[in-house]
Protein chains: 4
Amino acid sequence: MNKRDAVETKTRILSTAEKLFSEVGFDGARVDDIAKEAGVNKALIYYYFKSKDEILDTLFSALIDEIKQVLIQKTVAGTPEIQDNIINGDYRPLIDAFMDFMFRKRKIIKIVIGESVKASTKLSMVMKVGTLIIDGEIESIRKAYESKGLHFSVNKQEFLVTEFFTGFMPLISYALYGDEWQKIYHISEKDLREQFYQSFKKTHLAAHLGE
Amino acid sequence: MNKRDAVETKTRILSTAEKLFSEVGFDGARVDDIAKEAGVNKALIYYYFKSKDEILDTLFSALIDEIKQVLIQKTVAGTPEIQDNIINGDYRPLIDAFMDFMFRKRKIIKIVIGESVKASTKLSMVMKVGTLIIDGEIESIRKAYESKGLHFSVNKQEFLVTEFFTGFMPLISYALYGDEWQKIYHISEKDLREQFYQSFKKTHLAAHLGE
Amino acid sequence: MNKRDAVETKTRILSTAEKLFSEVGFDGARVDDIAKEAGVNKALIYYYFKSKDEILDTLFSALIDEIKQVLIQKTVAGTPEIQDNIINGDYRPLIDAFMDFMFRKRKIIKIVIGESVKASTKLSMVMKVGTLIIDGEIESIRKAYESKGLHFSVNKQEFLVTEFFTGFMPLISYALYGDEWQKIYHISEKDLREQFYQSFKKTHLAAHLGE
Amino acid sequence: MNKRDAVETKTRILSTAEKLFSEVGFDGARVDDIAKEAGVNKALIYYYFKSKDEILDTLFSALIDEIKQVLIQKTVAGTPEIQDNIINGDYRPLIDAFMDFMFRKRKIIKIVIGESVKASTKLSMVMKVGTLIIDGEIESIRKAYESKGLHFSVNKQEFLVTEFFTGFMPLISYALYGDEWQKIYHISEKDLREQFYQSFKKTHLAAHLGE
DNA sequence: CATGAATGAGTCTTCATTCAT
DNA sequence: GATGAATGAAGACTCATTCAT
């Protein structure tokens with residue numbers, strides 16, 4: 001096997017683990033099953049990863065890296081258009097980008113949430129990621145304002161609470177329960193997302209606008 | 001041992017299980033530890049419950065029962081005062097009652113969320129409970145309106161999406177991460193709750209008022 | 001409960017145990033199940049019997065007692081008619097009595113055989129019972145002969161081997177597998193028994209006659 | 001470890017299980033003890049076998065395979081000499097081969113009988129094996145006759161009953177209780193076998209000859 | 001006699017992890 | 001890189017038996 005194959009093998013292990021962790025939880029997933037479903041020998045998993053925990057850590061790190069990437073791309077390093085939209089209160093493109101990302105990553109998000117509710121966890125990944133995103137958001141908005149010569153100030157603590165509980169968590173919830181909602185109410189992802197966006201707009205975003 | 005003791009023993013097992021499940025997750029909790037911490041013989045747990053799963057089911061059922069109880073008490077069967085408040089858009093007492101309940105029940109709520117994100121779960125408890133609560137809410141509001149000879153109508157699907165994702169889930173999030181937030185930001189429960197309420201008011205509740 | 005009921009309760013426990021032991025083996029049977037099926041409290045079983053083993057011992061003792069009873073009644077203490085038959089080589093009534101008994105007792109016989117094949121068992125019940133019966137048989141034949149002023153002599157060891165392996169064990173086998181044979185070959189107990197008797201007659205009994 | 005070792009390990013587990021099952025019964029045997037006595041890690045047993053039951057099944061299958069092998073070798077595919085013997089009514093070599101086999105396999109035969117008397121067992125192994133052997137026997141005799149231009153006919157049902165209860169079961173009994181008999185009556189295997197053969201000859205085989 | 005509650009000592013089975021090749 | 005074999009440490013669940021009333 002050449003390097004490309006090796007990388008591919010490791011990736012296959014990771015995505016299989018992601019799938020299984022999201023389906024049955026981290027504790028519920030068996031390394032045996034990951035091996036079987038990934039089509040590799042179990043010992044090989046331990047060749048690539050020191051432990052089952054390290055697989056999870058790798059997935060988490062990758063998630064955080066991607067989030068940073070998306071944040072930078074979609075906000076801070078966003079096009080002048082995006083920045084205009086933000087100032088004009090048209091968050092639609094931003095939210096859409098975010099929802100795309102979240103929906104695509106819903107498997108690992110489920111894992112993160114599943115792990116975060118265990119009290120044993122040190123600093124919950126959710127708060128870690130939430131704070132990360134919100135900080136990025138603040139920065140992005142500030143930058144947008146500044147690029148127009150405007151000033152943006154905010155009560156950090158108040159802002160955080162609002163963003164985390166009424167902005168970030170609803171979006172996360174969409175990633176967690178969107179699938180199920182579609183099934184129960186026989187609604188397409190597109191339609192549900194539109195409904196969600198309307199709700200989000202008239203609640204969370206309305207507050208943004210109002211400020 | 002008389003009947004009272006037996007009931008007490010079973011209750012002790014249940015609350016110990018609730019505690020451990022919430023701390024390390026359902027899979028992470030050991031029946032041995034539940035027994036040890038509850039001060040009972042392990043076999044006794046299996047005398048009262050067919051399996052570890054049945055302990056969880058019992059906790060879930062009890063939660064749902066309590067929620068129904070609270071709902072009825074605080075809304076549909078509420079005092080005229082409560083009903084007046086609803087019509088006047090003063091949801092504070094209602095929300096407070098709810099947050100009290102949720103904060104008190106945060107241990108089991110964490111378990112529910114932890115289990116709900118596993119795809120294997122049939123109909124996620126969260127959606128079950130969420131729908132239950134929202135239906136109760138609708139009924140309560142309708143009843144409040146009708147008692148004043150007013151009419152209350154709502155687009156059910158739209159209402160559900162809004163209530164679930166931007167109303168129910170933020171409240172759940174408060175139960176999930178309130179503790180951690182307090183620790184990280186060195187803020188008391190009372191203060192955090194006030195902040196949360198203000199955020200909730202200017203986002204979710206504002207939409208209610210606006211309708 | 002008066003004494004009659006108490007006896008009845010104990011009997012019910014015994015017959016339920018006999019049934020379960022024969023169905024799933026001694027090890028496979030649960031005291032819990034005996035209690036449930038007998039409709040008594042589990043602790044009550046321990047009031048009547050010191051242990052699960054003692055239930056088995058009681059069943060075994062009762063079996064041996066009954067065998068002795070039957071033997072005496074049907075052979076040694078048999079009517080002159082029976083004794084005539086024996087001398088004339090007409091074992092039919094004797095064999096019939098025996099098969100009746102065995103078929104009726106097939107449940108406990110299954111238990112005895114099941115236990116006897118465990119090497120750990122001290123002296124196998126089977127050999128104990130087998131020897132008991134064969135000794136009785138010898139005595140009965142001798143007595144029949146003597147009552148007619150005839151003499152009956154036998155090479156004990158040779159007789160024992162023949163009686164045990166080609167006489168006693170086929171009869172036991174009938175008790176063990178008669179039920180199943182009926183089911184598989186769709187044959188009534190009456191017909192199977194007739195076939196068995198013919199086979200037994202032309203093999204084992206023929207040798208008796210020939211002597 | 002190479003493949004040869006692996007096979008050897010699995011075999012060791014099987015023969016240890018066979019030994020223990022025959023000593024204390026299937027239910028009485030502990031997987032822990034099998035592991036300890038086979039000198040392997042307990043988990044390794046579950047690497048090779050899905051469950052304790054599967055160990056038993058494997059032993060049973062192997063027994064049936066061996067029986068088929070012996071049958072073919074000793075009868076249908078037997079030498080002309082063997083076939084001559086059968087026609088001449090000299091079953092000694094055949095019976096000897098059979099008794100050798102049975103005595104060698106007495107451990108697993110005890111297990112089979114022990115399990116077969118449990119009503120829960122589907123189609124009792126004993127009847128399965130018994131029928132298998134008897135069918136093979138019929139075939140072998142028929143073939144011997146035909147090779148000499150002779151005709152062999154038989155009433156199947158009658159033949160089966162005779163062979164099973166007065167031929168097969170006494171032989172089985174010898175495997176079950178031969179050991180014990182030797183101990184009780186202080187007789188060598190060789191002598192007991194001779195006695196058994198004489199008894200078998202003048203009962204079961206005499207009927208064969210007479211036909 | 002009778003019972004619900006309680007227990008100690010297993011018993012099978014699982015699982016993350018490692019070893020030898 | 002890759003694999004079949006092997007292992008230590010638990011884990012859920014069971015069961016005969018006893019206790020208190």
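Not measured: the values here are computed from a predicted model. Order of the sequence lines fixes the chain letters, A, B, ..., with proteins taken first and strands second; residue numbering starts at 1 for each chain.
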d([atom1], [X]; [atom2], [N]) in whole Å:
X	N	atom1	atom2	result
C/Lys36	F/dT14	NZ	P	11 Å
A/Ile55	E/dC15	CD1	P	15 Å
A/Phe49	E/dT18	CZ	P	15 Å
C/Lys42	E/dA6	NZ	C1'	10 Å
D/Leu44	F/dA9	CG	C1'	16 Å
B/Leu20	F/dG11	CG	P	12 Å
B/Asp32	E/dA9	CG	P	14 Å
B/Tyr48	F/dC13	OH	C1'	18 Å

Closest listed nucleotide, where the reference is the side chain of B/Ala6 and the choices are E/dT17, F/dC15, E/dA5: E/dA5
Nucleotide nearest B/Arg30 (side chain, heavy atoms from C-beta), chosen from F/dA12, E/dA16, E/dT7: F/dA12
Exam field: side chain D/Arg12 to backbone D/Ala38, donor-acceptor pair closer than 3.5 Å: yes
Donor-acceptor contact below 3.5 Å, side chain D/Lys42 vs main chain D/Ile34: no
Distance-only side-chain donor-acceptor flag, A/Ser51 / A/Tyr46, under 3.5 Å: no
Donor + acceptor pair across side chains of D/Thr9, D/Tyr48 (<3.5 Å): no
Residue mapping more 5' on DNA chain F - nearest nucleotide basis, D/Ala43 or B/Asn41: D/Ala43
5' priority, DNA chain E, between D/Lys50 and C/Gly39 [closest heavy atom]: C/Gly39
Along DNA chain E (nearest heavy atom to each residue), the more 5'-positioned of D/Asp27 and A/Asp53: D/Asp27
Should [X] be listed as having a side-chain N or O under 4.0 Å from OP1 or OP2 of [N]?
X	N	value
D/Thr9	F/dA5	no
B/Tyr46	F/dT14	no
B/Tyr47	E/dA5	yes

Watson-Crick/G-U partner (both atom distances under 3.5 Å) of F/dA20: E/dT3
Nucleotide opposite F/dC13 in a Watson-Crick or G-U pair, distances under 3.5 Å: E/dG10
Sugar-phosphate, base or nothing in reach of A/Ala29, heavy atoms under 4.0 Å: sugar-phosphate
D/Phe26 six-ring centre to D/Lys52 NZ/CZ under 6.0 Å and within 45° of normal: yes
